[in-house]
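Notes to accompany the following structure.
Keep in mind that what you see is a predicted model, and the values were worked out from it rather than measured. Read the numbers this way: they start at 1 and go in the same order the structure lists the ligands and their atoms.
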Amino acid sequence: MVDEFSIIDLLKEGSMEDNLNIIKGIGDDAAVIKHSSNKLVTSVDTFVEDIHFSDKTMSPEDIAYKAIAANVSDIVAMGGTAKYYLLSLALPKNISTSFIHQFKEGLRLAEKAYNLHLIGGDTVEADKLIVSITAIGFIEYDYVRYRHLAKPGDIVFVTGYLGDSSYGLNILQNDIKMSSEYFVKRHQRPHIRTDFPKISKAIKRIALNDISDGIANELYEICEASNVSITIEDDLLPVHDEINALPSDDRNTHVLFGGEDFELIGTVAAEYYDELANNCYLNHIPITKIGRVSYNEEDLPKVYIKKNGQKEILNKLGYHHLK
Ligand code: ADP
Ligand code: MG
């Protein structure tokens, strides 16, 4: 029998201690943590069974790991470092002890990977599994990476490769056997660029987003917040050969509109791009220049994509809830 309290006990098992800063963790009405004079940064992300994941594509470990990674990614995209998190779980009544054990293993793995501490949460019953994580972190460096900071003339850059996670999901859903495990892993266990805030700390102005909903969406968010337009070049996009070889509609679905790569996309003044790229190379973060920012000369900011010498509007597709 797993009830609320035995579940909380199970979830706590083996979590890292941080007696220096956590004054009260799990075990009271709320957690109490020490707070320095740094800027505190928080975010929350919620994952619902059969919308964000299914038991066909994600193990209990994967679900836990990815829920944490997605939150860490939001904090990193602000230029911050995640330190603590709260875990809200809605669980179906018939949930097994083995599910909770595996889920906990996923938490511990991600905590180690991202140096995070679980400080509390909530456990309730529901028809479907819902995992909601609130991350708390700090901006340890001088500058916050707001998406409203893009300026005409900036270079648009992206880290890592595009479309991997979406293609990996496609492999899982359609039982494609020939493809490498790499893409599936990219979907199940995303790697977050946690070093980016540190390695870019000397550069005053960077507009930044993490790629949770596909680059088309993320670029529109930057354009709209900054009131600028952006033009990207299709043949500059970092895409693995296997994805580039797909029929072009499928390729574009993954590369332009596919979510959950959790790479970083942003803009930086042209005179600082080489410094940024160099620091990325030195720290094993692949970075690619994919376009430029320009003045917005229309009613609404637009994202354009150049392909074979033709410039067209990039539509704002991608996953939207409640649409
Ligand atoms: P309360 O009734 O005061 O809200 P709960 O019984 O909900 O307290 O929770 C008891 C303690 O266990 C609290 O410290 C809470 O933060 C923690 N907790 C509850 N659910 C979780 C969870 N899923 N993960 C981590 N900690 C949890
Ligand atoms: Mg309470």
Numbering as shown, the atoms of ligand 1 that approach [X] to under 4.0 Å (heavy-atom distance):
| X | value |
| --- | --- |
| Phe5 | 6 (O) |
| Glu4 | 6 (O) |
| Gly27 | 11 (C), 13 (C), 14 (O) |
| Gly120 | 16 (O), 24 (N), 25 (C), 26 (N), 27 (C) |

Counting heavy atoms only, which of Asp28, Asp29, Ile26 is nearest atom 13 (C) of ligand 1?
Asp28

Relative to Tyr304, does Lys311 satisfy both conditions: NZ or CZ under 6.0 angstrom from the six-membered ring centre, and within 45 degrees of the ring's axis?
yes

With distance as the sole test, does Ser15 use its side chain to make a donor-acceptor pair with the main-chain N or O of Lys12 at under 3.5 Å?
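A pair under 3.5 Å: yes.
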
Would you please say whether a donor-acceptor pair under 3.5 Å links the side chains of Ser6 and Asp3?
yes

Asp164-Tyr182 side chain donor-acceptor pair, cut-off 3.5 Å:
yes

Looking only at distance, does Gly121 have an N or O less than 3.5 Å from an N or O of ligand 1?
yes

Nitrogen or oxygen atoms of Leu87 and ligand 1 under 3.5 Å apart:
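Among all N and O atoms of Leu87, at least one is under 3.5 Å from an N or O of ligand 1.
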
Asp234 pairs by side chain to side chain contact (heavy atoms under 4.5 Å, CB included) with which of Val239, Ile305, Val255?
Ile305

Charged N to carboxylate O below 4.0 Å: is that the case for Arg108 and Glu105?
no

